[in-house]
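First up is the structure itself, then whatever we jot down about it.
Just so we're on the same page: letters track the sequence lines, and every chain starts at 1.
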Amino acid sequence: MSSSVVTRFAPSPTGFLHIGGARTALFNWLYAKKTGGTMLLRIEDTDRERSTDAAIAAIIDGLTWLRLDWDGEVVHQFARAARHREAAEELLASGRAYRCYASQEELAEMREAARREGRPPRYDGSWRDRDPAEVPPGVAPVIRLRAPQEGETIIDDAVQGRVVFPNKDLDDLVLLRSDGTPTYMLAVVVDDHDMGITQIIRGDDHLTNAARQTQIYNAFGWPVPTMAHIPLIHGPDGSKLSKRHGALGIDAYRAMGYLPAALRNYLVRLGWSQGDREFFSTEEMIESFELSQVHRSPARFDLAKLENMNGHYMRATPNRELMEILEATLPYLPGGPEIAAKLDAQKRAQVLAAMPGLKERAKTLIELIDGMGFLFAERPLAPDEKARAILAQGGAAILGALLPKLAVLPEWTPEAAEAVVRDFAEKSGIKLGQVAQPLRAALTGRLTSPGIFDVLAVVGREESLARIADQAETAPAAVAASP
RNA sequence: GCGCCCAUCGUCUAGCGGUCCAGGACGUCGCCCUUUCACGGCGAAAACAGGGGUUCGAGUCCCCUUGGGCGCGCCA
């Protein structure tokens, strides 16, 4: 079928893959999957000054992490410069473009004058029909599009609807620079055409460009692809997402311990919705994605909601799978490499055993590794301030009394431990919490952890008893002395 | 300045002329559950930017105002 959909994600490698770019990629990907089409990846590296290989690597790394795959080879725009030049020549030959010899200074003056007179800053078209005899010697010309000066250029946008631009507001844009390299406008149109792109899905900061590009398509006599300009993602204060808001590369979200699936889910709900629904599996996303349901208004980025959603995903991820994700992410997490170094078969088994209680309490992978700290701690533990306080306020004495009872447990299971501790508390006439908290302090060094009986079981008999002994006051005198 | 886009709780959003004294989610605040912290459950506060129309009837359609955003390069 020749009518099959071809979308593309076309970032310029001048920096990392940011959150807005990631969402644009996601929408392109979803649309392609939904329609059984393909998504292509094109690196717009025609700006030789600002494009870097590191940025290309970061973009590819980010897409890979988000599991947004593309079809075919990555297209590097700069490599197609010869084709772009040829296309510009073609327009020149057909009279749809012309050479312009205006200097940078003249153009700057033109813009300045226009601004002063309250007119839009545009090229005045003075070389449009100028006599070749007037060409100044030694000046390399640019090639400009001979754009229509009357009428209107209309975009039938899949998201924005019908948008009309009066042609008088659009000037004769540069297609080929004086050094013979193509501009973005030319390159995009030629590439999208040559690559057979049927749907252009991109940020709505390109909406005005869409009109100019439409004029270029028309000059070539090529069909214009369907366009869909999606709203931008704004910062929490409603202004454009910037470094000020901590506009980060997608890798930063990985380093903050977010799951790719959660980030995708959060991103898809920014500017797109299906009724009240908040959660979508990848399949459900593909199934229900519709360009017509994409909003026209920008959405603000809310880290708190992302975090909540990530917590949902962590809890919903099966333990083994979460363990795999964790291990794969460890190199990127603060403190992760240290954990990875200690993760032998035994530790891995302990972490896995503790996972149900751990993931319940963590909203990110960072919180997860923080929570599992007690498994990697070495004796004697250094309890934090609050834990020390509990121990000092009679906790240590209680542990001293409890220790012998735990030591003789025939089997080391959460149930057995719970029975002994509850019995101990009851017979001592104290609340369970008065025993559980000192125990927690001794075993984990903190006052918050998964259920204490599970901790006991995961840490193991020998290590648990030793940690308790480390903190317990065993001298009967000391117990008697405490009021 | 000119052009274009946008406008429902703090945030993401439902709503596509009557069933909306506006629903859900996040966040916030209570209460419950409870060995801690979470999770979970229950509940509360919280919005149709303003003004004109159209209509029997407007959050929903039109216009204006205001506010935000994007664009206006031999950057992409």
From the list [options], which nucleotide is the closest neighbour of the side chain of [X]?
X: A:Ala299; options: B:C74, B:U13, B:G27; result: B:U13
X: A:Asp302; options: B:C26, B:A76, B:G69; result: B:C26
X: A:Ala304; options: B:G73, B:C26, B:C12; result: B:C26

- Query: Which residues, if any, of residues 139-150 of chain A bring a heavy atom under 4.0 Å of RNA chain B?
  - Reply: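 Within this stretch, A:Val142, A:Arg144 sit under 4.0 Å of the strand.
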- Given A:Lys305 and A:Glu278, is the salt bridge (Lys or Arg N to Asp or Glu O under 4.0 Å) satisfied, shown in steps? CA-CA 11 Å; A:Lys305 184 137 183 173; A:Glu278 300 279 352; 3.4 Å; yes
If we only count heavy atoms from C-beta on, is the [X] to [Y] side-chain gap below 4.5 Å?
X: A:Ile60; Y: A:Ile56; result: yes
X: A:Ile452; Y: A:Gln437; result: no
X: A:Asp192; Y: A:Arg42; result: yes
X: A:Phe9; Y: A:Leu63; result: yes
X: A:His312; Y: A:Asn265; result: no
X: A:Ile155; Y: A:Thr214; result: yes

Within the 4.0 Å heavy-atom criterion, would you say [X] contacts the bases, only the backbone, or no part of the nucleic acid?
X: A:Met309; value: nothing
X: A:His206; value: base
X: A:Gln104; value: base
X: A:Asp171; value: nothing
X: A:Leu447; value: base

Who pairs with [N] - Watson-Crick or G-U, where each distance is under 3.5 Å:
N: B:A45; answer: none
N: B:C72; answer: B:G1
N: B:G10; answer: B:C26
N: B:C20; answer: none
N: B:G40; answer: B:C32

- Rounded off to whole Å, could you give me the CZ-to-C1' distance for the A:Phe301 and B:U13 pair?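 Going from CZ in A:Phe301 over to C1' in B:U13 covers 17 Å.
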- Roughly, in whole Å, what's the span from CZ in A:Arg300 to C1' in B:G67?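 Distance check: A:Arg300 CZ to B:G67 C1' gives 11 Å.
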- Query: Between A:Asp205 and A:Asp47, which is nearer to the 5' end of RNA chain B once each is assigned its nearest nucleotide?
  - Reply: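 First, find each residue's nearest nucleotide; the 5'-ward one identifies A:Asp205.
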- 5′-ward residue of the pair A:Val174/A:Ser449 relative to RNA chain B: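 It is A:Ser449 whose nearest nucleotide is closer to the 5' end.
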- Query: Which residue, A:Arg146, A:Arg99, A:Arg128, A:Arg144, forms the salt bridge (Lys or Arg N to Asp or Glu O under 4.0 Å) with A:Asp172?
  - Reply: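 Exactly one option meets the salt bridge (Lys or Arg N to Asp or Glu O under 4.0 Å) with A:Asp172, and it is A:Arg128.
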Please indicate whether [X] has more than 12 foreign heavy atoms, meaning atoms of other residues, nucleotides or ligands, lying under 6.0 Å from its [atom1].
X: A:Glu426; atom1: CD; value: no
X: A:Lys359; atom1: NZ; value: yes
X: A:Glu287; atom1: CD; value: no

Tabulated below should be each protein N or O lying under 3.5 Å from an N or O of nucleotides 21-24 of chain B; please produce it.
from	atom 1	to	atom 2	distance (Å)
B:G23	N2	A:Asp276	OD1	2.6
B:G24	N2	A:Glu278	OE2	2.9

- Would you mind listing every side chain to side chain donor-acceptor pair (under 3.5 Å) that reaches into residues 445-457 of chain A, with sequence neighbours excluded?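 Every pair satisfying side chain to side chain donor-acceptor pair (under 3.5 Å) with a residue in residues 445-457 of chain A: A:Asp370-A:Arg446, A:Arg440-A:Ser449.
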If you restrict it to nitrogen or oxygen atoms, what contacts under 3.5 Å exist between nucleotides 38-44 of chain B and the protein, and what is each distance?
from	atom 1	to	atom 2	distance (Å)
B:A38	O2'	A:Glu360	O	2.5
B:C39	O4'	A:Glu360	OE2	3.4
B:C39	O3'	A:Arg315	NH1	3.3
B:C39	O2'	A:Glu360	OE2	2.8

Please report the interatomic distance [atom1]([X]) to [atom2]([Y]), rounded to the nearest 0.5 Å.
X: A:Phe424; Y: A:Gln434; atom1: CZ; atom2: CD; value: 10.5 Å
X: A:Glu367; Y: A:Glu307; atom1: CD; atom2: CD; value: 6.0 Å
X: A:Met195; Y: A:Leu40; atom1: CE; atom2: CG; value: 4.0 Å

Short heteroatom pairs, N/O only, protein and nucleotides 33-35 of chain B, under 3.5 Å:
from	atom 1	to	atom 2	distance (Å)
B:U35	O2	A:Arg440	NH2	2.2

Distances under 3.5 Å between nitrogen or oxygen atoms of protein and nucleotides 3-5 of chain B:
from	atom 1	to	atom 2	distance (Å)
B:C5	O2'	A:Gln160	OE1	3.3

- For atom P, what is the distance between B:U13 and B:C56, given to the nearest Å?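 It works out to 35 Å between them.
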- Can the ring centres of A:Phe289 and A:Trp272 be said to be less than 6.0 Å apart?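 They qualify: ring centres under 6.0 Å apart.
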- Answer yes or no on whether A:Arg48 is positioned over the face of A:Phe78, meaning its NZ or CZ is under 6.0 Å from the six-membered ring centre and within 45° of the axis.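 Ring-cation test returns yes.
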- Item | A:Arg111 side-chain N/O to B:C74 phosphate OP1/OP2 under 4.0 Å |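 So the side chain of A:Arg111 is within the cut-off, an N or O lying under 4.0 Å from OP1 or OP2 of B:C74.
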